J.: 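Take a look at the following structure, please.
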Amino acid sequence: MKLSRYYIPTLKEDPADAEVVSHRVLTRAGMIRKLTSGIYVYLPLGLKAINKVADIIREEMNAAGAVEITMPSVQPADLWRETGRWDYYGKELLRFKDRHGRDYCLGPTHEEVITDLVRGEIRSYKQLPVNLYQIQTKFRDEVRPRFGLMRGREFIMKDAYSFDADETGAEKSYQDMYDAYARSFERIGLVFRAVQADSGPIGGDFSHEFMVLAETGEDTIAVCTDPKCGYAANLEKAVVAAPLNNLCPCPPETTIPAFELVDTPGTHTVEELCSFLKIEPKAIIKTLLFSVDGQPVAGLVRGDREINEVKLRNMAGGNDIELATPEQVKAWTNAPVGFAGPVGLKDVRILADQELCADQGWYTGANQGDAHFKSVHLGRDVKVEKFADLRVITESDPCPKCGKAIEFTKGIEVGHVFKLGTKYSKSMSATFLDKDGKEQHMVMGCYGIGVSRIVAAAIEQNNDEHGAVFPPSIAPFEACLIALAGKDAAVADKAEELYAELKAMGVDVLYDDRDERPGVKFNEADLIGYPMQLTLGGKGLKNGVIETKDRKTGERGELPLDNFAEAFKAWRESIWKSWGLDPD
RNA sequence: CGGGAUGUGGCUCAGUCUGGUAGAGCGCUGCGUUCGGGACGCAGAGACCGAGUGUUCAAAUCACUCCAUCCCGACCA
């Protein structure tokens, strides 16, 4: 491609609304433009990078036996009502009516559509397994879109859905996808990690997320420090090991004295209560009230711990969890926020962290203003529905798998694989006849990759003060040929010749043939982040060489012009190798 | 949805407090000089100051309402 005929509107200054590096660079380098909040135009360079990512994923999906289709982005509400998600999916689902007043939504995901499709076609175990995928634009009306392509409302996603005759088959499909994902991210050139994850509103009982490790990641993951153990989980999923003296559930017998009321005026927070009573947060039970699918639920954790809402939601068996409003707290406990406690709480489900069984004689809220109880014993004084792991893991907790230390790192979620089981096939009656002629529900899995997000994640992971540093596998062009011709026709002619030669070699090269000053060309090439830069100037031509620059290391060198093809091939291979990649 | 901030040529911003002729840099057009890390000179084009209402002799500036965008907290690829 000749730059003089191309479309790369670069910006000299950082856009005012871009906070993270990938957003800044993508905008400045002329790869994307914002249309409205969370919705972007993909300009030629950005689209090219996205397409390279998509091509790699497509190859790996096909190799893993998945088959490509394209489903509509507009979906009828009826399908969503069948699975109940029309009510449960929430506001991320953009709903609208057509001219006849019929309800529709823009697809944030496609379980309903694919299940509807497959149940109409598949009747026999002989037709299974099937794995269908698409690479398509999704729409999720995110509460707070941010960070450019990292969290858009409209974004490009690869989603695949597997259908198997039984659990064993489903497990194989899951593993195949897991492996295909790992291969894809390796080929793209990302440093990533697969971690255990919560399955969220997609549903199902087992899932892994693929996290690109980067400081700016929105997710925190807990990783075992022992590589042999390999435990890694999203913070919201990471299991806290049960305490050694696990007494769950608390026995009712106890020798501690009966609980009694203590005056604690104005102590709304754990900190205030502690300094007022001169006690440690560890001596307190924090009672947090939530609305789970509209029902009141109290979550109990130790005063110095953080409750894990995902664990609480799962334990309560709900779809949607929200912290109670002050009005709800008042209605459920008869007390203002800050004085809720489990003792005497009526019509509220009480779920407690397992750790609370390891000790007795707690301070808790008294469900009346300006007062707390002391000497509360959960087994004796409270009707706890269930004790379980309810809190957020901390860096001082042991690895739940091997007991060694864990550490936290930040990650960007670029892929997620789920085992769905029969959740959708049951609610939508996707059945087939097995060998014995018996009707069975298909066992499903679903698998997503954020294609456009990967481009942002790659930049988050690879950049410097000059701009992006693209892995050659997904760089919009793998090389940029810069001609410093000026009025020197010989340089222009030679550059033209080299450009043709590179194209003939199958190199995806951009030829900067513009009549611009050298500084402009160099700076733009660095900003965009082509892995390989080739510069031909008058001096080089005289000496029979062309200059090279490795964008990642900044290392410069020269290639002879008389044996250019050979020399370039070797250099190109070394560049790809430095990324752990292979040009072929 | 709560909290905070910002809307002024294509881009980045000043001007707003203290009302009185719309500014700068970048970019863009033309001419000339330059030409190995975002050149320089000269001459230009380009804005109903986010929208509406109000206050005033007079509003980018004050008041109210709305809209949009960004940042911080509950969702997800």
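Naming convention: chains lettered A, B, ... in sequence-line order (proteins, then strands); numbering from 1 in each chain. Everything numeric in this text was worked out from a predicted model, so none of it was measured.
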J.: For B:C72, take OP1 and OP2 only and decide whether either is under 4.0 Å from a side-chain N or O of A:Arg144.
T.: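 Yes, because at least one side-chain N or O of A:Arg144 sits under 4.0 Å from OP1 or OP2 of B:C72.
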J.: Heavy atoms only, 4.0 Å cut-off, all strands: where does A:Tyr181 land among base, sugar-phosphate and nothing?
T.: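 Touches nothing.
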J.: When the distance from CZ of A:Arg151 to P of B:C71 is rounded to whole Å, what number comes out?
T.: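 Roughly 12 Å, once rounded to whole Å.
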J.: Under 4.0 Å, counting only non-hydrogen atoms across every strand here, what does A:Gly486 touch: a base, just sugar-phosphate, or nothing?
T.: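 The answer is nothing, as A:Gly486 stays clear of every strand by at least 4.0 Å.
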J.: Per the atom types in the model, does the base of B:G73 pair as donor or acceptor with the side chain of A:Arg146 at under 3.5 Å?
T.: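 Such a pair does not exist between side chain and base.
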J.: Would you say the rings of A:Tyr6 and A:Phe477 are close, in the sense that their centroids are separated by under 6.0 Å?
T.: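 Yes, the ring centres sit under 6.0 Å apart.
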J.: Without decimals, in angstroms, what is the distance between A:His23 NE2 and B:C70 P?
T.: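 The answer, rounded to whole Å, is 8 Å.
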J.: Quick check: on RNA chain B, is the nucleotide nearest A:Asp515 upstream (toward 5') of the one nearest A:Gly38, or the reverse? Name the residue that is more 5'.
T.: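 Upstream on the strand: A:Asp515.
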J.: So what does A:Arg556 touch, heavy atoms closer than 4.0 Å: a base, only the sugar-phosphate, or nothing?
T.: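 Result for A:Arg556 = base.
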J.: Contact class for A:Val414 vs. all strands (heavy atom < 4.0 Å): base, sugar-phosphate, or nothing?
T.: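 Sugar-phosphate, no base atom in range.
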J.: Nearest nucleotide by nearest heavy atom, which residue falls closer to the 5' end of RNA chain B, A:Gly148 or A:Arg28?
T.: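 Closer to the 5' end of RNA chain B: A:Arg28.
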J.: Considering every strand and a 4.0 Å limit on heavy-atom distances, what is the contact class for A:Asp159: base, sugar-phosphate, or nothing?
T.: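 Nothing: the residue A:Asp159, judged by heavy atoms under 4.0 Å, touches no strand.
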J.: Reading nucleotides 24-32 of chain B 5' to 3', which nucleotides get B (base under 4.0 Å from a protein heavy atom), which S (sugar-phosphate only), which -?
T.: -BSS-----
J.: Reckon A:Arg453 has a side-chain N or O less than 4.0 Å from the OP1 or OP2 of B:A77?
T.: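 So the side chain of A:Arg453 is outside the cut-off, no N or O lying under 4.0 Å from OP1 or OP2 of B:A77.
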J.: I'd like a table of atom pairs between the protein and nucleotides 67-69 of chain B - only N or O on both sides, under 3.5 Å - with the distance next to each one.
T.:
| residue | atom | partner | partner atom | Å |
| --- | --- | --- | --- | --- |
| B:U69 | OP1 | A:Thr36 | OG1 | 2.7 |
| B:U69 | OP1 | A:Ser37 | N | 3.1 |
| B:U69 | O3' | A:Lys34 | NZ | 2.9 |

J.: Answer yes if the side chains of A:Ser22 and A:Glu460 hold a donor-acceptor pair under 3.5 Å, and no otherwise.
T.: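 Indeed, the side chains of A:Ser22 and A:Glu460 share at least one donor-acceptor pair under 3.5 Å.
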J.: Between A:Glu218 (CD) and B:A74 (P), how many Å, whole number?
T.: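 It works out to 11 Å between those atoms.
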J.: Describe the nucleic acid contact of A:Glu322 in one word from base, sugar-phosphate, nothing, applying a heavy-atom distance below 4.0 Å.
T.: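 Answer is nothing: A:Glu322 stays at 4.0 Å or more from every strand.
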J.: Using a 4.0 Å heavy-atom cut-off across all strands, classify A:Gly519 as base, sugar-phosphate, or nothing.
T.: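 The residue A:Gly519 makes sugar-phosphate contact but no base contact.
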J.: Run the ring-centre check on A:Phe418 versus A:Tyr447 and record whether the distance is less than 6.0 Å.
T.: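 No, the ring of A:Phe418 stays outside the 6.0 Å limit from the ring of A:Tyr447, centre to centre.
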J.: Do A:Tyr174 and A:His208 get their side chains close enough for a donor-acceptor pair, meaning under 3.5 Å?
T.: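 A pair is found: one side chain offers a donor N or O, the other an acceptor, under 3.5 Å apart.
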J.: Once you apply a heavy-atom cut-off of 4.0 Å, does A:Pro15 come out as touching a base, just sugar-phosphate, or nothing?
T.: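 Counting heavy atoms under 4.0 Å across all strands, the contact made by A:Pro15 is with sugar-phosphate only.
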J.: Below 3.5 Å between N/O atoms, which protein atoms pair up with nucleotides 41-47 of chain B? Just atom names and distances, please.
T.:
none

